[in-house]
A.B. asks: 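Handing you this structure, nothing more for now.
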Protein chains: 2
Amino acid sequence: MARPRQHAPEALHAQVMAACDAWLRENPVHTLSLRSLARDVGCAPSTLLKLYGSFSNLLQYVNIETLDRMGAAVSWLEDAEPTPQLKALAMAYWQFAQHEPHRWQMLFEYPLADEGELDERQTHIIDALFLRVESALKAYQPALDDVAAKRMARTLWGSVHGLVQLGLNDRLGYWQGQPMEAGDLLDQLLTMTLNGLRYLPDPS
Amino acid sequence: MARPRQHAPEALHAQVMAACDAWLRENPVHTLSLRSLARDVGCAPSTLLKLYGSFSNLLQYVNIETLDRMGAAVSWLEDAEPTPQLKALAMAYWQFAQHEPHRWQMLFEYPLADEGELDERQTHIIDALFLRVESALKAYQPALDDVAAKRMARTLWGSVHGLVQLGLNDRLGYWQGQPMEAGDLLDQLLTMTLNGLRYLPDPS
DNA sequence: GGCGTGCTGTCGCGGTCGAGCCATAAAATC
DNA sequence: GATTTTATGGCTCGACCGCGACAGCACGCC
């Protein structure tokens with residue numbers, strides 16, 4: 001067999017990422033296994049372990065890719081009006097979660113890496129997301145100072161996040177047989193928040 | 001060996017719940033193993049599998065106990081004023097999550113049971129929680145009709161839930177080295193929501 | 001005898017460890 | 001300086017452990 005020993009590690013990494021991507025299009029995270037992945041890319045399971053340190057770490061790289069995609073899915077609505085921008089941001093978040101549910105769930109419902117570096121990269125990308133929310137908030141209500149905007153962004157985005165998660169898991173309850181639409185609730189949240197922000201900016 | 005065959009199943013169940021409880025006081029969910037549990041209660045692993053159907057199902061029973069505790073932690077603040085009642089509810093939620101972080105995370109971040117019945121019991125208990133929020137909302141703003149209150153309760157509690165989760169995982173970011181306090185953000189969310197509700201009830 | 005209850009044995013899983021291999025760096029020889 | 005020999009280090013693998021899960025066997029109660 002022309003089994004190429006001494007792979008270039010990056011090539012293997014790319015293969016692994018591609019295999020994960022293909023799998024996650026159809027199947028949830030917990031069905032992903034190190035061994036099946038190794039079979040897909042044609043190497044021994046322990047090879048991947050050596051490469052990534054642990055299976056969780058491997059998954060964290062997938063998460064980083066997910067975060068990049070999320071950033072991309074959100075970046076094209078760069079320069080809209082402030083008010084719809086926040087709603088559009090929330091809707092883009094929700095649609096991304098709906099469009100790639102397995103990757104989204106993996107991002108937030110899976111044990112974190114044991115390496116600190118990866119966690120930092122994640123945190124950094126997430127901070128960038130928050131920054132967009134902050135700037136949109138300040139554009140909408142210029143009276144907000146930095147710290148208030150930062151807090152408000154966290155509050156708002158934490159809320160959006162909660163609704164998206166409960167919506168993905170169909171945990172928002174039902175009304176007359178119909179599941180509560182996360183999109184509607186998100187719109188309500190944003191409307192309410194923006195109204196409250198317009199007329200009663202909390203001075204704290 | 002005086003190994004008592006033919007256990008009473010309920011006794012075994014109680015032992016298992018107690019063992020899980022003891023374990024979860026100190027250790028996170030993913031360190032819980034069927035085999036170690038079986039060792040603790042003195043039976044073979046497969047015995048627990050037969051009893052519960054799957055390990056996930058066993059964990060779902062723990063989740064139900066958690067939900068009961070959460071209901072209890074919330075029930076004693078039955079008859080306060082409407083406004084602080086909602087804040088107190090959110091704070092009780094947050095404090096419960098802080099006080100039993102492993103149980104809380106297990107409740108929301110773990111794969112669900114494969115039996116429908118358990119999921120229904122969970123959904124039922126959660127609905128009861130929502131109902132408290134709804135009634136508090138209607139007490140605060142009597143102009144809300146049923147469906148509006150139901151939606152608002154979902155929106156609000158989904159938001160609270162998101163903040164609590166991000167707060168538990170320290171994912172709310174930092175400000176001048178200090179982590180964002182979920183309690184503060186929750187207070188901000190409630191204040192903002194209640195203000196918006198007081199002056200601008202969305203008629204949808 | 002029938003039935004339910006509990007156990008043993010086995011599978012694939014994630015993870016660890018030590019051995020083997022090969023490409024290149026370093027050293028030795030001419 | 002060029003060529004051969006040796007040493008080093010990273011990549012890969014196979015064997016093994018404890019895990020959750022399943023199938024099949026053994027026993028005790030009615």
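So you know, we letter chains A, B, ... as the sequences are listed, proteins then strands, and number each from 1.
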A.B. asks: Would you say B/Asn195's side chain and A/Gly196's backbone share a donor-acceptor pair under 3.5 angstrom?
C.D. replies: no
A.B. asks: Picking from D/dC16, C/dG18, D/dC19, which would you name as closest to the side chain of A/Lys50?
C.D. replies: C/dG18
A.B. asks: Would you kindly give the CG-to-C1' distance between A/Leu37 and C/dG14, to the nearest whole Å?
C.D. replies: 12 Å
A.B. asks: Any ion pair linking B/Asp146 and B/Lys150 (charged N to carboxylate O, less than 4.0 Å)?
C.D. replies: no
A.B. asks: Using whole Å, report how far CG of B/Leu51 lies from P of C/dT5.
C.D. replies: 9 Å
A.B. asks: Have a look at the helix from C/dG1-D/dC30 to C/dC30-D/dG1 and give the angle its two end axes make, five pairs each, rounded to 10 degrees.
C.D. replies: 30°
A.B. asks: Is any NZ, NE, NH1 or NH2 atom of the basic residue among A/Arg69 and A/Glu65 found under 4.0 Å from an Asp or Glu carboxylate oxygen of the other?
C.D. replies: yes
A.B. asks: Please report the distance, rounded to the nearest Å, between OH in B/Tyr52 and C1' in D/dA21.
C.D. replies: 17 Å
A.B. asks: The side chain of A/Ser46 is closest to which nucleotide in this list: C/dG15, C/dG14, D/dG14?
C.D. replies: D/dG14
A.B. asks: Find the distance A/Leu34:CG to D/dT12:C1' and express it as a whole number of Å.
C.D. replies: 14 Å
A.B. asks: Provide, to the nearest angstrom, the distance between the NE2 atom belonging to A/His30 and the P atom belonging to C/dG14.
C.D. replies: 13 Å
A.B. asks: For the backbone of A/Leu194 and the side chain of A/Tyr140, can you confirm whether one donor and one acceptor N or O come within less than 3.5 Å of each other?
C.D. replies: yes
A.B. asks: Select one nucleotide: of D/dC16, D/dC13, D/dC19, the one nearest the side-chain heavy atoms of A/Arg35.
C.D. replies: D/dC16
A.B. asks: Give the rounded distance in Å between these two atoms: NE2 of B/His13 and C1' of C/dG6.
C.D. replies: 19 Å
A.B. asks: Where the side chain of B/Leu49 is defined as all heavy atoms beyond and including C-beta, which of D/dA21, C/dT8, C/dC17 is the nearest nucleotide?
C.D. replies: D/dA21
A.B. asks: The side chain of B/Ser54 is closest to which nucleotide in this list: C/dC13, D/dC13, D/dA21?
C.D. replies: D/dA21
A.B. asks: Checking the side chain of A/Gln141 only, and the main-chain atoms of A/Leu197 only, is there a donor and an acceptor separated by less than 3.5 Å?
C.D. replies: yes
A.B. asks: Could you check which of D/dC13, D/dT12, D/dC19 has an atom nearest any side-chain atom of B/Arg39?
C.D. replies: D/dC19
A.B. asks: Going by the angle between their ring planes, with limits at 30° and 60°, are A/Tyr61 and A/His13 parallel, tilted or perpendicular?
C.D. replies: perpendicular
A.B. asks: Can you figure out which of C/dC13, D/dA21, C/dG6 approaches the side chain of B/Thr47 most closely?
C.D. replies: C/dG6
A.B. asks: Using atom CG of B/Leu12 as one end and atom P of C/dG4 as the other, report the distance to the nearest whole Å.
C.D. replies: 18 Å
A.B. asks: Below 30° counts as parallel, above 60° as perpendicular, anything between as tilted: where do the rings of A/Phe108 and A/Tyr93 land?
C.D. replies: perpendicular
A.B. asks: Atom CZ of A/Phe55 and atom C1' of C/dC13: how far apart are they, to the nearest Å?
C.D. replies: 10 Å
